[in-house]
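This report concerns only the one structure given below.
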Number of protein chains: 2
Amino acid sequence: MVTLKDVAREAGVSPKTVSRVVNDDPAVNAKTREAVAEIIQRMHYVPDHAARMMRMSHSSVVGVMTDAVATTPYSVDIIRGAQSGLWEQTRTMLIANTDGDPKQEHEYWQVFRAHKVAGAVYATTYHRPVDLGAPDFERGIVLANCYSARRSHSSVVPDDEGGGYTQARHLIELGHRRIGIVSLSPVLRATVLRGAGYRTAFAEGGLFYDPSLEVPGFVTRPDGGEDLVAYDAALGLLQRSDRPTAIICGNDQIAVQVYAAAAALGLSVPEDLSVMGFDDMTIITRTLKPMLTSVALPYFEIGRTAVDLLARINGESEGPIPPQVLVPCPLVERHSCRPI
Amino acid sequence: MVTLKDVAREAGVSPKTVSRVVNDDPAVNAKTREAVAEIIQRMHYVPDHAARMMRMSHSSVVGVMTDAVATTPYSVDIIRGAQSGLWEQTRTMLIANTDGDPKQEHEYWQVFRAHKVAGAVYATTYHRPVDLGAPDFERGIVLANCYSARRSHSSVVPDDEGGGYTQARHLIELGHRRIGIVSLSPVLRATVLRGAGYRTAFAEGGLFYDPSLEVPGFVTRPDGGEDLVAYDAALGLLQRSDRPTAIICGNDQIAVQVYAAAAALGLSVPEDLSVMGFDDMTIITRTLKPMLTSVALPYFEIGRTAVDLLARINGESEGPIPPQVLVPCPLVERHSCRPI
DNA sequence: GGGCGAGTTGACATCGGTGTCACAACCTGG
DNA sequence: CCAGGTTGTGACACCGATGTCAACTCGCCC
């Protein structure tokens, strides 16, 4: 381990001067600076983070706590987004996956405190309310993809209502007038919000919202798990005499089954049926034939926005500190919707 | 910030004694220990990581460097696996996503050095060779899902050959004798290895390996990207007069298109055609109807094994230090393969 | 020539823990 | 009752950086 002292001895100056060079303190003679910098290079000196942190009593590390990121694979993009923002803040990320276990969660808050992290991002797999309790943690906390029911922390969440609106609006603009919906589980907040979006778009387009055209694609089992029943749901919609010309899906997995149901009935996408996904999971949307038009969940942006907001909360950058930031869900056009 | 001294003053003992209690040093009187422990609790004292690290000159943090985890979403399970192993080692994880940019990579090695991380895991999205160059980093490095062409570091990789063997073997045991293969891009190491696995299983089962029954499901574009052409590849196989009764897929995305091709030809899975996936991406395998039988890429285990190996390399736990660990790819049976 | 300010540098204390070693208190057996 | 050992505790130095403040060297002006 090369230390300040080693460099100082080599350069024939005091440790403090080396420290000044490392920290771009202008009060160093240009010639000295140059000489020291050269030696730093040559000796591969890297300042010790621990010592620095101890002296300055705060860290350049931000803690990121997540529940199980596994179930919705693209939600890790929250982490990539956070990473990307932190990179620009010349910060790094200490990651903690709790698998939703409150005991682990509690322990990680301690770890964060021990590391004196500059702040924390608490990210969840699903857009949902959370209650952090009182995590005795002094620095700022931002919620990503979730929000505090008690409004105790700022949150960054996807604009599900806007996403729903976008889905419906796009189909209406293409001329569709009978639109079926195979939605997510009705208990999810996303379902409720998107439903509101559909209605707004329908109303704007002068369409009648027919509840019988909206069926859930997931059902909750007694054990709490979920079964994907979109295939049968879609069959039901497509076998009606007043068959819809387009189907809005609660997510891309539902779309897979809608495609299958259409194929089973001899209907082809998009000629006989337009299909609109949600989430934009590329392993699905780019794999289906034809490729699926979908509305993206902006996970990356959510992570990115969360760390920016965190910096503001910690007073390290300027800007407003809204209690909630909605991140838009953009339309990603591919080939599963056509004008009618 | 509550410090050792604060606790010591409150407890009427020396800081060193508090330190002993915190570190479970047996040389403390039971009564003293209890009293101090109580005060630690009450004051919410958490030892400062930086100070500890500085004194002991090594950290309880392990660096994890990844290229773009985004493209193959489940590869983040490497991270979850690492996290899980580290949790048991009471360690935490500093994560660095380089997006494959060598400049960022270099900088993160510096960051790792600055943090005096106990070691590093270098994980990639695809199973592939890597050349780390000379990352002037003194602690142990383990490669996860990749391997060093120069054999300079230990690596943990999926047993692709065994996985290929498992795919073929399962179908042969179900009685299939004509098996088609829609493979990944031929340039991938995984493709080569699995090919070897197929051949072994075929030979064991007394099957003739017919090269015309193996077609690529991905083609590389001039710009380096890849196009998924499994639909057409599968159509080709299924329209032959000697149509295969089963198709082995290079991954689950290929299987999606094989399903679609079968449906287009009026063939149903698994009655007319058995389909075997690879990767076990659950958002696909559990979404397809019928659910897809697949061979899992054991990402979680890879991450888990990598940190265990790292601990051995750093001399913190006992055990052999193999230059390469193969992690088996287990069969996950669902409903897309049937006996014939 | 003396004084003053700007520019440059270094001595020293300090951050919050832990290793080392000394020492006091208590026990044991002869 | 004392030598010799065990147990429990604290004083002190130190890890590697940086803030504070003093000191020293100039150049410049009165």
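Note on naming: letters A, B, ... go to the chains in the order of the sequence lines (proteins, then strands), and numbering restarts at 1 for each one.
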Inset, instruction - Compute whether any side-chain donor of one residue and acceptor of the other, for A/D67 and A/T124, lie under 3.5 angstrom apart. - result: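 Note: A/D67 and A/T124 side chains miss the donor-acceptor criterion.
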Inset, instruction - Check the distance between C/dG16's C1' and B/R9's CZ and give it to me in whole angstrom. - result: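 Rounded to the whole Å, the gap is 13 Å.
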Legend entry - Nearest-Å distance for atom pair CG/C1', residues A/D25 and C/dG10: 13 Å
Legend entry - Within-4.5 Å side-chain heavy-atom neighbours: B/M53 and B/S60: no
Legend entry - Pairwise side-chain contact, B/D308 with B/Q89, heavy-atom cut-off 4.5 Å (strictly under):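 Of all side-chain heavy-atom pairs linking B/Q89 with B/D308, at least one is under 4.5 Å.
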Inset, instruction - If the plane angle is over 60° it's perpendicular, under 30° parallel, otherwise tilted; pick one for B/Y108 and A/W87. - result: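 Plane angle between 30° and 60°, so tilted.
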Legend entry - Within residues 311-320 of chain A or reaching into it, pairs that qualify as side-chain hydrogen bond (donor to acceptor under 3.5 Å, both in side chains) - sequence neighbours excluded: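 Every pair satisfying side-chain hydrogen bond (donor to acceptor under 3.5 Å, both in side chains) with a residue in residues 311-320 of chain A: A/R91-A/E316.
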Inset, instruction - Assign each of A/S14 and B/A50 to its nearest nucleotide of DNA chain C by heavy atoms, then name whichever residue's nucleotide is nearer the 5' end. - result: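 Taking each residue's closest nucleotide, the earlier one in sequence belongs to A/S14.
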Inset, instruction - Spell out protein contact along nucleotides 17-25 of chain D as letters: B when the base is contacted, S when just the sugar-phosphate is, - when no protein heavy atom is under 4.0 Å; keep the 5' to 3' order. - result: BBB------
Legend entry - Candidate nucleotides C/dT9, D/dG16, D/dG8, ranked by approach to the side chain of A/N29 - the nearest: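 Nearest listed nucleotide: C/dT9.
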Legend entry - Nearest atoms (heavy-atom pairs only) where B/G140 meets B/L310: O-CD1, 3.5 Å
Inset, instruction - For D/dG10, take OP1 and OP2 only and decide whether either is under 4.0 Å from a side-chain N or O of B/T17. - result: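 For D/dG10, OP1 or OP2 has a side-chain N or O of B/T17 closer than 4.0 Å.
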Inset, instruction - Answer yes or no: does a side-chain N or O of B/T32 lie under 4.0 Å from OP1 or OP2 of D/dT9? - result: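 For D/dT9, OP1/OP2 do have a side-chain N/O of B/T32 under 4.0 Å.
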